[in-house]
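Remarks on the structure that follows.
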Amino acid sequence: MILLTDVYYRDQGGLAAGIVLNSWDSNDFTNRYSAWCSPVADYEPGSFFKRELPCLLQLIAQVPMSFDLIVVDGHVWLHEGKPGLGAHLHQALGAAYPIIGIAKSAFARTDQTVAVCRGTSQRPLYVSSIGIPVETAMSGLLEMVGAHRKPDALTAVDHWSRSDLALQIARDTGKMRDV
């Protein structure tokens, strides 16, 4: 089981969203979760984790399903081994789960990040990991359903994080709920 996550910011807070997949090649998006997080830290270059980590921790603590690893929309490692969002999440969770970072843009050249082109796309996604070999993370990304650069499941969690329904559920309950 794989927990895909994303965070979207609005109205002085952030909406953390998650989708739990049974496997890399699953296209079942019925296990969707969201959590409202307010306030969020201001954007700080190179310290993205300060903004997203509290939201992701709130989401993860409330997901009732078990999962084996977590995918974040971002980097695990930045330049020269500096920890990114994924590495900070790994540490905050006591290294309980492998973390895979999938980013749409490169932060800096590093031997800990692999550029992966899917399908016929010439634009890569950037994969990094902790607690799991980056080659395994790369293979998982390539197995994901979708004909485009970004797999369908990553697009789905992005859309869920921006969804008015997810926001309303999270605000009404003060936490998340599956839909």
Side-chain angles (χ1 to χ4, degrees), residues 1-43 47-76 84-90 92-93 96-105 118 125-132 137 140-141 143-146 148-179:
M1 301 283 263
I2 303 160
L3 174 62
L4 305 175
T5 65
D6 201 354
V7 180
Y8 182 69
Y9 307 99
R10 52 169 100 185
D11 300 339
Q12 306 301 322
L15 184 70
I19 294 177
V20 179
L21 299 177
N22 290 327
S23 63
W24 286 112
D25 60 354
S26 174
N27 234 14
D28 177 6
F29 307 143
T30 56
N31 296 309
R32 301 182 299 176
Y33 306 93
S34 59
W36 177 248
C37 182
S38 181
V40 295
D42 291 334
Y43 173 73
S47 295
F48 190 56
F49 74 94
K50 291 179 183 178
R51 188 169 203 185
E52 289 213 358
L53 185 60
C55 299
L56 291 176
L57 290 172
Q58 185 174 329
L59 172 75
I60 291 164
Q62 297 175 45
V63 173
M65 303 179 71
S66 63
F67 48 88
D68 303 309
L69 63 92
I70 300 168
V71 175
V72 297
D73 178 15
H75 296 278
V76 172
L85 173 63
H88 284 284
L89 179 60
H90 189 256
L93 295 172
Y97 303 98
I99 309 290
I100 296 172
I102 300 176
K104 293 173 281 307
S105 60
R118 289 177 30 93
L125 292 170
Y126 299 90
V127 180
S128 53
S129 63
I130 187 168
I132 189 171
L141 173 62
E143 285 180 43
M144 294 180 84
V145 176
H148 304 287
R149 173 183 181 231
K150 194 171 167 185
D152 293 351
L154 294 179
T155 299
V157 76
D158 175 65
H159 289 175
W160 181 237
S161 72
R162 298 168 188 264
S163 164
D164 289 335
L165 174 61
L167 178 63
Q168 192 62 49
I169 290 169
R171 282 187 175 163
D172 287 352
T173 63
K175 58 181 181 174
M176 65 82 204
R177 184 175 79 189
D178 72 314
V179 176

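Here the structure is a predicted model, which means the values were calculated and not measured.
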**Request:** Could you go through the side-chain contact (heavy atoms from CB on, under 4.5 Å) check for Ile70 and Ile100 one step at a time?
**Result:** CA-CA 6 Å; Ile70 300 168; Ile100 296 172; over 6 Å; no
Can you find a pair of side-chain heavy atoms, one from [X] and one from [Y], that are under 4.5 Å apart?
X	Y	result
Val157	Val71	no
Val40	Glu52	no
Asp152	Phe29	yes
Arg118	Met144	yes
Ile102	Leu141	yes
Trp36	Cys55	no
Cys37	Val7	no
Leu89	Leu53	yes

**Asked** For His90, which residues count as a ring pair (Phe, Tyr, Trp, His ring centres under 6.0 Å) partner, sequence neighbours excluded?
**Response** none
**Item:** Residues in ring pair (Phe, Tyr, Trp, His ring centres under 6.0 Å) contact with Tyr97, at least two apart in sequence or another chain
**Value:** Phe67
**Asked** Which residue pairs satisfy the salt bridge (Lys or Arg N to Asp or Glu O under 4.0 Å) criterion with at least one member in residues 62-75, sequence neighbours excluded?
**Response** Asp73-Lys104
If the condition is side chain to side chain contact (heavy atoms under 4.5 Å, CB included), which residues does [X] pass it with, not counting sequence neighbours?
X	result
Asn22	Met1
Pro98	Leu69, Ile132
Ala61	none

**Prompt:** Out of curiosity, Ile99 CD1 to Leu85 CG, how far, rounded to the nearest 0.5 Å?
**Reply:** 8.5 Å
Output yes when a side-chain donor or acceptor of [X] lies under 3.5 Å from a complementary backbone atom of [Y], and no otherwise.
X	Y	result
Ser161	Asp158	yes
Ser128	Val76	yes
Arg32	Trp160	no

**Prompt:** Between Thr30 and Asp28, is any side-chain donor less than 3.5 angstrom from a side-chain acceptor?
**Reply:** yes
**Prompt:** Under 30°, 30 to 60°, or over 60°: which ring-plane class applies to Phe49 and His88, parallel, tilted or perpendicular?
**Reply:** parallel
**Asked** Do Arg51's NZ or CZ and the ring of Tyr9 fall within the cation-pi criteria of under 6.0 Å and 45°?
**Response** yes
Least distance between heavy atoms, [X] atom then [Y] atom:
X	Y	value
Gly86	Ile130	O-CG2, 4.2 Å
Leu15	Ser163	CD2-O, 4.1 Å
Val20	Tyr33	CG2-CE1, 3.9 Å

**Item:** From CA spacing to verdict: side-chain contact (heavy atoms from CB on, under 4.5 Å), Ile19, Asp6
**Value:** CA-CA 9 Å; Ile19 294 177; Asp6 201 354; over 6 Å; no
